[in-house]
Protein chains: 2
Amino acid sequence: MVVSTNLSDAEVDRLFHALADATRRDIVRRTVEGELSVSRLAEAYPMSFAAVQKHVAVLEKVGLVTKVRHGRELRVRSDPDVVDRARRALDELAEAWQGRVQRMADLLDSPEGD
Amino acid sequence: MVVSTNLSDAEVDRLFHALADATRRDIVRRTVEGELSVSRLAEAYPMSFAAVQKHVAVLEKVGLVTKVRHGRELRVRSDPDVVDRARRALDELAEAWQGRVQRMADLLDSPEGD
DNA sequence: CTAATCTACAACCAAATGGTTGTATCAACG
DNA sequence: CGTTGATACAACCATTTGGTTGTAGATTAG
């Protein structure tokens, strides 16, 4: 069975919000290449460990990354499915435009008279 | 000629942020179906005219919509190209995952020794 | 057990967000 | 001209965000 593709408005809000930060997008990119502990990630950015921790928490809350225990570290790894869901949300908007082309004939005039 | 596909981090930040609000996504959807004045849009949401105006301004700043004068109203209409750019930004992340599959063999072990 | 490392979390702060109301401008109608 | 409708914009407010520091809890090494 195909996983339900539709997210609620609130979920799409949070998903796009999570992606609306360059640091968070970079964390996603880095953890795609391989799992990384929060400490390693924190070394990569000009901000405190706690700040990076918060970014990871935002990503985790929307499911873009998950944490996996390895000894005493928690490694962060990203989840492809969720980015895919974001793409589908954008596809919906894009499809609306496709649809518009179909309906152009009906819309050549503006709906209100003047 | 193909429009340059790459946006700066800051631009992607603003683009995703603009899309991270259900009201703004709805404005984009509605103005895809046909141009609408800000006043007409404002009637559709349970908030003040000024609030809707601000949402439109956010969308306008990132180029998701533009305004066109018609008599005494300014009609809002959405720009398909920009959503497309957002999709490409997501595609970059998605491609990283594709790439990971290629490099799986190299990454079967974690990079750090212990 | 103790020390060291990694993580979690609370408290705090400045700036941005999302909403409000009110006022001013600008174009069309009589 | 004055009035009306559509828009712009400023001031204000509550909440959230993105950052900080500091403290406490887990887990591993000795």
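Here the structure is a predicted model, which is why all the values come from computation and not from measurement. Quick note on labels: first sequence line is chain A, next is B, and so on, each numbered from 1. Hydrogens, waters and symmetry mates are skipped; everything else that's a heavy atom, side chains included, is used.
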Within the side chain of A/Arg69, is there an N or O that forms a donor-acceptor pair under 3.5 Å with the backbone of A/Gly71?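 At least one qualifying donor-acceptor pair exists.
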Measure from [atom1] on [X] to [atom2] on [N] and round the result to the nearest Å.
X: A/Leu59; N: D/dG18; atom1: CG; atom2: P; answer: 11 Å
X: B/Asp26; N: C/dG18; atom1: CG; atom2: C1'; answer: 17 Å
X: A/Leu41; N: C/dC6; atom1: CG; atom2: P; answer: 13 Å
X: A/Glu73; N: D/dA29; atom1: CD; atom2: P; answer: 11 Å
X: A/His55; N: D/dG18; atom1: NE2; atom2: P; answer: 6 Å
X: A/Arg25; N: D/dG18; atom1: CZ; atom2: C1'; answer: 15 Å
X: B/Leu36; N: D/dT7; atom1: CG; atom2: C1'; answer: 16 Å
X: A/Asp21; N: C/dA16; atom1: CG; atom2: P; answer: 14 Å

Can you get from B/Val12 to A/Tyr45 by hopping between Ile, Leu, Val, Met, Phe, Trp and Tyr side chains that sit under 4.5 Å apart?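 Linked within one cluster.
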Is any side-chain N or O of B/His70 closer than 4.0 Å to OP1 or OP2 of C/dA27?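 For B/His70, the contact criterion (side-chain N or O under 4.0 Å from OP1 or OP2 of C/dA27) is not met.
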Strictly below 4.0 Å: does B/Ser39 bring a side-chain N or O up to OP1 or OP2 of D/dT7?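 Yes, such a contact exists.
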Closest-nucleotide mapping onto DNA chain D: is A/Gly71 or A/Thr23 further toward the 5' terminus? I mean the 5' end.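 Whichever sits nearer the 5' end wins; that is A/Thr23.
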Toward the 5' end of DNA chain D, by each residue's nearest nucleotide, A/His17 or A/Arg69: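 Checking each residue's closest nucleotide, the 5'-ward one belongs to A/His17.
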Tell me the closest heavy-atom pair linking [X] and [Y], and the distance in Å.
X: B/Gly63; Y: B/Asp79; result: O-CB, 3.5 Å
X: A/Glu43; Y: A/Arg40; result: OE2-NH1, 2.7 Å
X: B/Val62; Y: B/Ala18; result: CG2-CB, 3.8 Å

Can you give the donor-acceptor pairs under 3.5 Å from side chains of residues 47-61 of chain A to other protein atoms, not counting sequence neighbours?
{"from": "A/Ser48", "atom 1": "OG", "to": "A/Ala51", "atom 2": "N", "distance (Å)": "3.1"}
{"from": "A/His55", "atom 1": "ND1", "to": "A/Arg24", "atom 2": "NH1", "distance (Å)": "3.1"}
{"from": "A/Glu60", "atom 1": "OE1", "to": "A/Lys67", "atom 2": "NZ", "distance (Å)": "3.4"}

Protein N or O to nucleotides 20-22 of chain C N or O, pairs below 3.5 Å:
{"from": "C/dT20", "atom 1": "OP1", "to": "B/Ser48", "atom 2": "N", "distance (Å)": "3.2"}
{"from": "C/dT20", "atom 1": "OP2", "to": "B/Ser48", "atom 2": "N", "distance (Å)": "2.7"}
{"from": "C/dT20", "atom 1": "OP2", "to": "B/Ser48", "atom 2": "OG", "distance (Å)": "2.5"}

Compare the minimum distances between each of D/dT7, C/dA8, C/dG18 and the side chain of B/Arg24, then state the nucleotide with the smallest one.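 Looking only at heavy atoms from C-beta outward on B/Arg24, the closest nucleotide is C/dG18.
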Produce the list of close N/O pairs, under 3.5 Å, pairing protein atoms with atoms of nucleotides 3-5 of chain D; give distances to one decimal.
none

By the definition side chain to side chain contact (heavy atoms under 4.5 Å, CB included), identify the one residue from B/Leu64, B/Val76, B/Asp26 that meets it with B/Thr31.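 It is B/Val76; the other options fail the test.
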Check ion pair A/Arg14-A/Glu11 (N to O, under 4.0 angstrom):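 Salt bridge absent between A/Arg14 and A/Glu11.
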State, with a plain yes or no, whether a side-chain heavy atom of B/Asp13 is found less than 4.5 Å away from one of A/Arg25.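 They are in side-chain contact.
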